[in-house]
Structure formats: structure tokens, C-alpha cells
Amino acid sequence: MKYKIKKFFIQFKGFSKKKIEGIDSICRMPYLNKMDQFASELPIHKYKDQILQLICENPIVMITGEPGSGKTTQIPQYLLESSDLPRILKSSKLKIAITQPRRVAAIAMARRVSYERKCGLGKEVGYSIRFEDCTSSKTQIKYMTDGVLLREALQDNQLSRYSVVILDEAHERSLDTDILLGLLKQVVQLRKDFRLVVTSATLDIELFQNYLGNCPLIQIEGRQYEVEVLHSAVKSDLRVEFAVNAAIRIHLHEGLGDVLVFLTGSEECEKACRVCFDTLQKLVAKGKPVPSMMILPLYGAMPSEEQSKVFKPCPEDTRKVIFSTNIAETSLTINGIGFVIDCGYIKQKAYNPRTGLDALMVTPISKQQAKQRAGRAGRTQEGKCFRLYSESFFEEQMAESAVAEIKRVNLSSTILTLKALDIRDVINFGFIEPPDHEALLMAHKQLFLIGALDEDGSITELGRSLASLPLEPTYSRCLIASLIFKSYSEMLSLVAMLSTENIWQNVPKMDLENTENAKQAQLQFIDKSGDHVTYLKVFDSWRDNEYSEAWCYENFINARALRQARDIRGQLKTMIKNFRISGLPEEKLYNELMEKKALSSDSSIRLRLALCFGFYMNAARAVSYGQEGSYLSVSDGTMLHVDKQSSISILGKYPPWIIYTHLSGSTLSHGSLKVLSKIRSEWIEDLTPKLSQANLERLVGLQKQKRPREPSINEEKEAEDPAIKVNQARERYLKRKVKNDT
DNA sequence: GAGCACTGC
């Protein structure tokens with residue numbers, strides 16, 4: 001089988017510079033190499049003594065600085081060079097951790113600093129990210145993702161191996177940074193030999209400073225060039241067309257610099273590329289002199305090799321125009337951008353705790369994001385930003401900053417982590433911004449249902465095992481059940497596949513030929529029991545084809561997702577070996593089935609049996625009337641529909657009982673089942689009674705408990721800073737509210 | 001007839 005590989009960029013061949021008279025609009029801009037800047041020229045340099053003095057004298061220090069200030073690379077080095085700090089922290093050899101929200105940043109920063117200090121990477125300076133630990137016993141400056149530090153805290157909740165932790169990019173408010181903030185604030189109270197440094201962009205200074213007990217603050221100016229911002233309101237449903245027109249206007253009438261256009265999704269980016277090319281061709285047909293243009297889309301679901309094309313230089317008389325999603329907002333930095341076009345919208349996942357449904361919605365960006373996008377034009381020289389919305393839209397419709405992740409996601413995993421850190425009373429954990437109460441309740445309930453928490457909300461032995469695995473707790477639960485049903489090798493592959501991005505290669509819907517080809521390719525793997533065994537077949541086929549990249553292309557499989565699944569599987573495999581938990585409910589079912597000789601050697605059945613122990617709350621029964629593909633949820637009786645892309649839909653045979661691991665939809669009536677499999681009702685009948693047993697108030701500790709409470713490390717005698725007082729007042733109010741509601 | 005932003009362990 002051979003399929004056409006899709007083309008990701010369009011080269012528009014126009015007139016060369018010499019032939020166009022009167023147009024001064026070309027194109028490439030030379031850019032400075034920041035690697036060549038001397039450390040002493042960085043804006044942060046003149047603050048060195050002040051920073052060191054404040055860190056010596058204060059347990060918590062906050063430092064703000066715009067990009068280019070040098071805070072991420074220089075502060076750890078200053079600390080290492082200090083003669084006073086080791087004495088104050090009673091450590092002859094300081095160990096410093098610097099957290100980053102992203103893996104690439106952790107690696108890049110470690111590289112840079114090891115280069116500056118002329119030591120090999122992994123020696124004095126190293127990094128640690130998932131699947132890759134580049135440190136040694138000599139390492140004193142360790143760059144790491146915040147998730148890795150949180151995992152380390154599970155082993156040692158006072159992080160006693162570090163003298164200083166620097167939480168970098170705290171303004172991004174990633175879920176893990178938020179949790180670490182709360183945890184490290186407690187560590188500061190317990191360890192006199194510890195220092196916390198929090199760095200952030202200039203926004204939200206007040207929020208952080210209040211939260212951190214009005215700690216001292218140093219503000220460092222950045223190295224950003226001026227960006228002129230222009231507003232022009234357009235209809236938001238025509239943003240692609242207007243964005244393309246703006247890009248072409250820039251191309252014809254503005255000076256040096258590439259163009260970066262922010263749109264909301266991959267479809268929009270692909271469409272914009274085509275419309276842009278067509279429009280340029282029409283201009284040429286009318287006899288207009290149009291210079292050459294390199295047109296590129298950029299979004300996360302693209303193969304990485306294609307993504308990297310945006311960094312490659314193009315010919316001197318050609319202008320690069322990149323149509324991108326918000327991946328270029330923070331994750332990828334492209335040099336040489338002189339112009340930004342910002343549509344003002346973003347696609348965001350919204351989680352509804354009441355329905356448990358996730359949906360992607362196009363919403364206006366925040367003011368902070370709008371500034372971030374504009375700033376992308378001023379990294380190497382002065383730039384311009386064209387906003388496709390009015391100034392009043394910016395002022396009136398846009399929130400100051402984006403809704404923090406902790407307010408948007410399913411919190412099961414977070415709550416389990418906190419419980420495993422021996423924080424009993426998670427409702428009163430000092431969050432910088434508390435999550436919604438309902439989301440907290442639902443997370444507790446889910447953890448109770450899978451046996452991670454007992455009815456009083458205390459973590460169980462099983463819960464500690466689940467927390468130790470780097471997976472969603474429900475997936476961890478399936479993995480443990482698979483040990484009993486003797487299908488753990490298959491389950492390792494399955495949970496790894498379920499933990500990655502979409503395994504099917506994304507094909508733009510206008511590409512009809514390849515859409516059909518992709519469908520045919522998917523058919524080879526489909527299993528009649530549903531999507532889970534189908535996923536397993538994909539993984540096994542890939543393994544049988546020696547993990548070949550070409551095989552992925554030929555079969556329209558997302559190679560990056562499978563590579564990641566293989567890495568995750570490898571990591572889990574080494575962790576699961578020592579798991580021995582007794583007294584689990586699946587033992588009873590296993591023995592019953594064995595007695596009745598009802599458990600075949602068929603791994604498909606053993607796999608789906610184990611799946612039930614993590615997801616029985618997601619079982620659903622076919623409605624006996626009405627259309628095919630409609631199911632009633634066993635937990636709350638909502639109506640759900642099987643998605644057209646799922647294996648069961650493609651085969652067209654709808655079993656009486658199913659279980660799903662992924663559901664989406666914007667409204668309750670549109671709950672759409674994406675990944676589901678056939679089960680038998682006998683498999684879950686002993687489990688479902690638990691659905692009605694959860695007493696939410698007791699679970700979250702709002703009801704008087706029978707046994708005395710163990711003291712937790714986050715209990716403070718008397719709150720001193722206003723942020724905690726406000727939080728405590730809010731929690732007292734919520735407690736009263738819940739009591740009154742019932 | 002609607003839908004496939006972005007991270008991370």
C-alpha cells in the first residue's frame with residue numbers, strides 16, 4: 001500500500017527583488033544570536049548583589065523580568081558563586097533546582113548554562129525530564145520540568161535534597177507549578193535551611209506577592225524592542241480571510257521581517273495557506289509585481305520534521321509567512337519575526353464537572369495573551385502587530401489573564417497527588433487560586449470509586465500505588481487490575497496508547513483522497529470488541545514492523561504518538577514489577593470466572609475485564625428503543641451517542657453494554673463516545689453499587705469525622721498573610737454553603 | 001451536523 005504524503009508548505013514564486021521597482025518590501029531580516037551575548041551585558045547583571053542579599057536574608061523572594069532579562073540562566077549561577085549562602089543554608093555544596101513548564105526549555109537552559117560555565121552537560125549543570133535524566137552526583141544546578149519536581153516530592157515531601165528551588169515562569173500558572181507553589185510555601189515554614197525563588201512576567205505581581213506573604217520583589221527590565229499595535233475590527237467568522245489579506249498587505253507594503261499569524265486551529269491554518277497562495281496568484285494574473293513568499297502552517301499535530309521547517313532560513317528575497325496556532329505563543333520561538341497578526345481568539349478545552357464532559361471551544365484570548373502575541377514581533381528588532389479586533393474589544397471583552405489550568409481540568413490526578421503528599425485536608429490546601437468546589441467534589445468521588453480513597457477521604461494502600469504511577473489514576477487502576485486478569489502486558493500497551501495524543505494521523509478534511517485512504521488504513525486494525533483492542537492491534541503491528549516510521553506514514557498513524565506510547569510503556573514496565581496488592585475486588589471476579597470456566601485465554605476479554613475496574617462508572621447500556629448507537633450512562637442516566645469514528649460505529653453492530661474511556665461534547669445532549677468497547681453486564685454488577693455509596697461531604701472532610709484527624713503539614717495555626725485569610729474565609733463560606741444546601 | 005488548542009509525569 002502506498003499513499004501520497006501530504007505537503008506542508010507552499011512556496012510562492014514571485015518576482016525577484018531587482019525586477020520590482022518602487023517596492024521596498026523585501027523580506028529577510030538579519031537577527032542577533034543571543035548565544036553570543038556576554039553574561040555581563042544582560043539586564044540582570046546590575047542586580048546581582050541585590051538579588052543575592054535578598055535571598056540570603058529572606059526565605060521567599062520574587063523576581064520579575066520580561067524575556068531576555070537573563071533571569072533563568074543567571075540566578076542559579078549567582079547563587080553558586082555566593083560565599084555567604086552556603087553558610088546561611090548550612091550546606092557546603094548547594095543544590096539548586098530550577099523548574100520549567102516545558103521540556104525543551106529545561107534542556108535548552110541547561111545547555112546554555114553548562115556552556116557558560118564551561119562544564120560538560122550532566123556534570124555541574126544538568127537537567128531532568130521524563131524519560132531523560134541528565135544529571136550526576138556532581139550536579140548542583142538542575143533544570144527540570146515542574147512535573148518531575150512534583151514526582152520527586154512524592155518520595156520526599158520536604159525536598160530535602162535541594163537548598164534552593166527556583167519556580168520559573170510561574171505566571172504561566174501550569175497545574176504543576178500551582179501545586180508546587182502551595183507545597184513549597186509549606187516547606188519554607190518547616191525548613192530554615194531552604195530558599196524559594198519565584199519568577200514571573202510582570203503581570204499578576206500583586207497576586208503572587210500577596211500569596212507569598214508580601215515577600216520582597218525585584219523587577220528587572222527585559223530586552224524587548226518596541227512593537228507598534230494597530231487595531232482593526234473584523235467579523236470573527238471571516239478571520240481567516242482577513243488574516244490572509246493583512247499578511248498580503250504587509251508583504252506588499254511593509255519593510256523587513258517575517259510574518260507570524262495567530263489563528264485558532266489546524267484547519268484554519270491549512271485553509272489560510274491555500275487562500276493566501278490563491279490570492280497571490282490572482283494578483284500576479286492581474287499583472288501586479290508580487291515578491292516571493294514562503295507560506296507555512298504551524299500546529300502541534302503536525303509531524304515534528306514539518307514543524308521544524310519554520311526555523312529554517314529561506315532565500316533572501318523571500319518572505320516567510322507562518323499561519324500558526326498558539327503553539328508559537330510560548331512553546332516555539334521563531335527568530336526574525338517583524339510582524340504579528342493576531343485574530344484575538346484561542347481554542348480552549350472547557351471541562352464541565354457536572355457532566356464530566358470536555359469540549360474545545362473558541363474563546364477570546366486574555367489581554368496578557370494578546371500582549372504575549374504582540375511581543376513575538378519585537379524579539380529581534382522593532383515590529384508591528386495587527387490585531388483583528390477593536391480596541392474596545394480588547395478593553396471590554398478580554399479578561400486580564402487566562403483562566404488558570406487548575407480551574408479548567410479534571411482534578412482527580414492532582415487530588416491524589418496531594419493526598420499522597422500526606423496533605424489530608426486538600427480543600428484547605430493553600431492554593432494560589434482555589435479550584436471550583438464542584439470540581440473538587442467530583443475528583444474525590446472518582447478517586448473513591450476506584451478505591452484510591454476510603455469513605456473518609458483518606459488515601460488507601462491502593463491509592464498510594466496508583467499515585468506512584470505517572471498516569472491518570474483511572475488508567476493506573478486498570479493496570480493493577482490487569483495483574484490479576486493476567487493481561488498486564490497488553491494493558492501496559494493500552495494505557496500508554498490512551499495516554500498520548502491522537503494516534504490517528506490528522507488529515508485535513510479538504511484532502512478527500514487521503515481522508516478516504518486514511519479510513520481504509522484504519523479498517524485493517526479494527527477489532528469487533530471495540531476501540532481498545534483496536535488500539536492494541538495498532539501498537540502490536542507497529543512493533544511487528546520494527547517500530548518503523550515509514551509504516552506509520554503508510555498507515556496514517558501518528559508516529560510521534562506511537563513513539564511516546566513506546567516510551568511510556570517502557571517507563572511503566574520498570575515500575576509495575578514490584579506491585580503486589582492483596583484484597584482487591586477483582587480477585588473475587590477472577591476466581592468466580594475461573595470456577596465457571598468462563599474466562600477464556602482470549603486476551604481481548606481479559607483486557608476489557610481489567611478495563612472495567614478503572615472505568616465501571618463509564619459503563620452504559622443500549623437504550624432498548626430509539627436509534628442505534630444510543631446508550632444510557634450507568635452512573636447518572638444521561639444519554640450518550642457513539643461517535644462515528646469509533647470502531648463500533650464503523651462496524652455498525654451495537655452491543656447491549658459498553659464501557660468508554662473518552663467522551664466529549666459541548667452539551668449534555670451531545671455527549672459523544674469516542675473510545676469505547678463492548679463489555680458484559682456481569683463484569684460490573686459487583687462494582688456499580690458503589691456508585692450510590694459516595695457521601696461527598698464525608699469524602700472531602702466537611703462532615704464530622706469519626707476518628708480524630710491526623711495533623712497535616714499544611715495546617716497553620718494562624719494565617720498571617722491576607723491571601724490565606726481570604727482563602728480561609730472563602731472555604732468557611734463554602735463549608736456553610738454546602739451544609740445549608742443539604 | 002459538529003469537530004480534531006497546548007503542555008506535562
Side-chain angles (χ1 to χ4, degrees), chain A residues 99-106 128-133 144-155 169 172-180 262-270 298-302 307 324-332 343 345-351 358-365 369 372 402-406 408-409 413-414 416-417 420 466-473 475-476 495-496 499-510 515 518 558 561 564 567-568 570-572 575 641 643-645 662 664-667 669-672 674-675:
Chain A
T99 69
Q100 295 291 322
R102 277 170 294 278
R103 295 160 57 95
V104 279
S128 183
I129 58 177
R130 190 183 192 181
F131 311 128
E132 214 183 324
D133 183 8
M144 61 213 296
T145 44
D146 39 25
V148 168
L149 188 62
L150 198 54
R151 285 273 139 195
E152 286 187 5
L154 282 175
Q155 307 294 321
E169 313 285 357
E172 286 195 25
R173 302 291 311 280
S174 88
L175 188 53
D176 289 338
T177 316
D178 269 14
I179 303 303
L180 282 171
F262 285 102
L263 295 169
T264 67
S266 56
E267 287 292 346
E268 282 186 11
C269 297
E270 297 282 352
L298 178 64
Y299 49 87
M302 277 164 66
Q307 280 181 10
S324 170
T325 62
N326 51 322
I327 192 171
E329 212 174 275
T330 49
S331 306
L332 299 180
C343 76
Y345 287 85
I346 187 176
K347 213 177 260 184
Q348 250 191 347
K349 200 178 211 172
Y351 173 70
D358 274 338
L360 279 171
M361 297 208 298
V362 175
T363 48
I365 57 172
Q369 282 173 300
Q372 172 76 19
V403 179
E405 196 181 1
I406 197 163
R408 300 196 326 251
V409 297
S413 182
T414 302
L416 186 60
T417 304
L466 300 181
S468 73
L469 294 169
L471 285 172
E472 285 296 315
Y475 294 153
S476 302
V495 295
S499 300
T500 65
E501 56 186 302
N502 186 9
I503 63 161
W504 310 110
Q505 183 61 58
N506 188 32
V507 181
K509 70 174 170 195
M510 356 288 293
T515 303
N558 178 353
Q564 204 194 346
D567 288 343
I568 294 172
Q571 187 190 23
L572 293 172
M575 302 178 91
H641 304 278
D643 188 81
K644 282 218 169 85
Q645 306 269 314
H662 188 226
S664 70
S666 48
T667 61
S669 59
H670 285 98
S672 170
K674 301 277 183 194
V675 183

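By convention in this document, chain letters (A, B, ...) are assigned in the order of the sequence lines, proteins followed by strands, and residues within each chain are numbered from 1.
E268(A) and K347(A) are not joined by a salt bridge, as no carboxylate oxygen comes within less than 4.0 angstrom of a charged side-chain nitrogen.
Between S499(A) and dC9(B), a side-chain N or O to OP1/OP2 separation shorter than 4.0 Å is absent. A close approach under 4.0 Å does occur between a side-chain nitrogen or oxygen of S266(A) and OP1 or OP2 of dA5(B). Remark: T145(A) is in phosphate contact with dC9(B), judged by side-chain N or O atoms under 4.0 Å from OP1 or OP2.
Candidate nucleotides dG1(B), dG8(B), dA5(B) were compared by shortest atom distance to the side chain of K644(A), and dG1(B) ranks first. Side chain of N326(A), nearest nucleotide from dC4(B), dC6(B), dT7(B): dC6(B). Proximity note for R130(A) (side chain, C-beta onward) versus dC9(B), dA5(B), dT7(B): the nearest is dC9(B). Of all nucleotides listed (dA5(B), dC9(B), dG8(B)), dC9(B) comes nearest to the side chain of R151(A). Listed candidates were dT7(B), dC4(B), dC6(B). Nearest to the side chain of R102(A) is dT7(B). Closest contact between the side chain of K349(A) and the listed nucleotides dA5(B), dG8(B), dT7(B) involves dA5(B). Out of dA5(B), dT7(B), dC9(B), the shortest distance to the side chain of I327(A) is found at dT7(B).
For the pair L175(A) CG and dC9(B) C1', the computed distance is 11 Å after rounding to whole Å. Taking atom CG of L332(A) as the reference point, atom C1' of dA5(B) lies 13 Å away to the nearest angstrom. What separates CG of L416(A) from P of dG8(B) is a distance of 22 Å, to the nearest Å. Following rounding to the nearest Å, R103(A) (CZ) and dG8(B) (C1') show an atom-to-atom distance of 9 Å. For the pair D643(A) CG and dG3(B) P, the interatomic distance rounds to 11 Å; values are reported in whole Å. dT7(B) atom P lies 15 Å from atom NZ of K347(A), rounded to whole Å. Atoms OH (Y299(A)) and P (dG3(B)) sit 19 Å apart, rounded to a whole Å. Residue N502(A) contributes atom CG, which lies 15 Å from atom C1' of dC6(B) at whole-angstrom precision.
Side-chain contact annotation: Q307(A) with Y299(A), donor-acceptor N/O pair under 3.5 Å absent. In this model, a donor atom of one side chain and an acceptor atom of the other lie less than 3.5 Å apart for T177(A) and S174(A).
Residues passing the salt bridge (Lys or Arg N to Asp or Glu O under 4.0 Å) test with E267(A): none are found, sequence neighbours excluded. With sequence neighbours excluded, no residue forms a salt bridge (Lys or Arg N to Asp or Glu O under 4.0 Å) with E472(A).
Within 4.0 Å (heavy atoms only), T325(A) reaches sugar-phosphate atoms of the nucleic acid but no base atom.
Mapping A301(A) and P470(A) onto DNA chain B via the closest heavy atom, the residue that lands nearer the 5' end is A301(A).
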